[in-house]
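A, B, ... follow the sequence lines: proteins, then strands. Residue 1 opens every chain. Just so we're clear, the structure is a prediction, and the values are computed from it rather than from any experiment.
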2 protein chains.
Amino acid sequence: MGGTRRIDPVNCSVARALSVVGERWSLLIVREAIDGVTRFNDFRDRLGIAGNLLAARLDSLVAAGVLLRVPYREPGTRQRYEYRLTRRGLDLRPTLLALLEWGDRYLADPEGPSVVVRHHSADDEHACEEPVRISLECAAGHRDLPPSAIHRTPGPGARFVDST
Amino acid sequence: MGGTRRIDPVNCSVARALSVVGERWSLLIVREAIDGVTRFNDFRDRLGIAGNLLAARLDSLVAAGVLLRVPYREPGTRQRYEYRLTRRGLDLRPTLLALLEWGDRYLADPEGPSVVVRHHSADDEHACEEPVRISLECAAGHRDLPPSAIHRTPGPGARFVDST
DNA sequence: AGCCTGAGTTGAGAAAGTAAATCTAGGAGG
DNA sequence: CCTCCTAGATTTACTTTCTCAACTCAGGCT
């Protein structure tokens with residue numbers, strides 16, 4: 001029973017989040033959904049994902065509450081289902097934006113990024129169309145914290161493991 | 001050749017970023033690296049990842065410039081290698097923080113989050129220890145943009161595809 | 001010489017992903 | 001009524017990736 005204790009690296013919200021959106025397609029499906037895609041064949045055609053895998057991913061995203069399976073019917077057709085983004089899914093935007101920013105910085109085409117995310121509000125007052133970026137800020141109001149200015153501390157639900 | 005054009009969803013920095021850190025373990029390895037882990041067996045023991053897969057992931061992260069393989073030698077032992085985070089790897093912090101925030105919001109233990117990231121600067125002046133969060137802000141200075149206030153637009157490197 | 005340790009490698013079996021063909025339920029056309 | 005069409009999947013066969021456990025390898029230590 002010696003050794004120091006550290007935060008259990010497996011009992012962590014990052015790991016849990018990754019168990020929902022942590023493989024090849026989930027985040028791309030969410031990105032398309034954010035972009036307005038709702039139908040099976042549209043996801044398939046835009047992403048080039050195999051049908052069975054898309055079906056499995058959509059199911060797991062529905063089970064995780066990221067998408068909602070909603071029946072709809074267009075006039076002259078039978079009832080079908082579409083997959084609508086939930087609040088939970090929308091809240092993955094910062095994650096996607098963070099990945100986009102990282103990809104733009106380190107993996108972009110020489111011509112530049114292929115996508116720019118801009119500020120655009122429904123009420124025209126705040127529609128400034130400026131590019132949006134991710135910023136780290138602390139509850140005391142310090143903004144634009146550099147990566148080195150943050151550190152992990154145990155939270156209320158922390159579990160610990162002994163290190164040898 | 002009719003139809004409207006849209007941004008090619010495959011030529012996208014999100015997809016590229018995910019090709020580097022988009023499967024099961026990469027981001028967790030980066031998280032451990034951010035937490036100070038550098039040695040093969042420490043990654044393996046903390047994450048419970050299989051050795052061969054860890055070796056493969058470390059190689060691909062080194063190839064992607066996220067980690068650097070550095071020889072070192074402790075007194076009384078032979079030379080070994082450790083894996084050190086690069087700037088590129090450090091810059092994945094916002095992504096990890098965004099995932100952490102999402103996981104905390106939707107998948108946390110009832111007791112609360114297991115990890116809290118706090119502001120902590122090396123020079124004590126700015127060490128406020130307040131929790132850090134992700135914020136979307138635009139270049140015009142509008143802060144805390146809600147998910148609905150942003151939209152994707154083509155950037156300089158955009159490719160287009162025809163939709164039918 | 002034989003043992004210990006950190007850092008991997010190897011190999012077998014399970015799970016996940018890919019591609020292409022097939023199924024299905026209802027509407028439309030004849 | 002019978003057949004075709006279509007969006008939305010499901011099935012099948014194949015390939016790749018992941019997991020677990022055992023093994024190797026190069027030094028230093030005793």
How close or far is atom P of dT17(D) from atom CZ of Arg24(A), stated in whole angstroms? 9 Å
Atom pair CD1/OH of Ile29(B) and Tyr83(B) - distance to nearest 0.5 Å: 10.5 Å
Considering every strand and a 4.0 Å limit on heavy-atom distances, what is the contact class for Arg39(A): base, sugar-phosphate, or nothing? sugar-phosphate
Nucleotide of dT19(D), dA7(C), dA9(D) approaching Arg69(A) most closely (side-chain heavy atoms): dA9(D)
Whole angstroms only, please: what is the CD-P distance between Gln79(B) and dG28(D)? 11 Å
Please determine whether salt bridge (charged side-chain N to carboxylate O under 4.0 Å, His left out) holds for the pair Asp35(B) and Arg6(A), giving the CA-CA distance in whole Å, both sets of side-chain angles, and the decisive distance to 0.1 Å. CA-CA 11 Å; Asp35(B) 217 28; Arg6(A) 24 166 264 267; over 6 Å; no
Under-4.0 Å side-chain N/O to phosphate OP1/OP2 contact, Arg80(A) with dT6(D): no
N-O pairing of Arg87(A) and Asp91(A) below 4.0 Å: yes
5' precedence on DNA chain D between Tyr83(A) and Gly76(B) (nearest-nucleotide basis): Tyr83(A)
d(OH, Tyr81(B); P, dT9(C)) in whole Å: 12 Å
Quick check for you: among dA7(D), dC20(D), dG6(C), whose closest atom lies nearest to any side-chain atom of Asn52(B)? dC20(D)
Taking CG from Asn41(A) and P from dA20(C), how many angstroms apart are they, rounded to a whole number? 16 Å
Atom CG of Asp45(B) and atom P of dG8(C): how far apart are they, to the nearest Å? 13 Å
Quick one: Leu18(B) CG to dG17(C) P, roughly how many Å, whole number? 14 Å
Using a cut-off of strictly less than 4.0 Å, decide whether Arg44(B) has a side-chain nitrogen or oxygen near OP1 or OP2 of dC20(D). no
Can you tell me if Arg73(A) touches the phosphate of dG27(C), counting only side-chain N or O atoms and a distance under 4.0 Å to OP1 or OP2? yes
Grab the CG-C1' distance between Leu28(A) and dG17(C) for me, whole Å please. 14 Å
Between Arg78(B) and Arg78(A), whichever has its closest DNA chain C nucleotide further toward 5' is Arg78(B)
Do the side chains of Arg159(A) and Asp109(B) get close enough for a salt bridge, i.e. N-O under 4.0 angstrom? yes
Atom pair CZ/CG of Arg152(B) and Leu100(A) - distance to nearest 0.5 Å: 8.0 Å
In residues 53-62 of chain A, what residues come within less than 4.0 Å of DNA chain C, judged by heavy atoms? Leu53(A), Arg57(A)
Once you round to the nearest 0.5 Å, how far does OG1 of Thr95(B) lie from CG of Leu99(A)? 4.5 Å
Do the side chains of Val116(B) and Trp102(B) join up, straight or via other hydrophobic residues, at under 4.5 Å, putting them in one cluster? no
Between Asp42(B) (CG) and dA7(C) (P), how many Å, whole number? 7 Å
Looking at Arg80(B), I want to see if its CZ is surrounded by more than 12 non-hydrogen atoms of other residues, nucleotides or ligands under 6.0 Å. yes
Need one value for Tyr72(B): base, sugar-phosphate or nothing, where a base atom within 4.0 Å counts as base even if backbone is also close, heavy atoms only. sugar-phosphate
Less than 4.0 angstrom between a side-chain N/O of Trp25(A) and OP1 or OP2 of dA16(C), yes or no? no
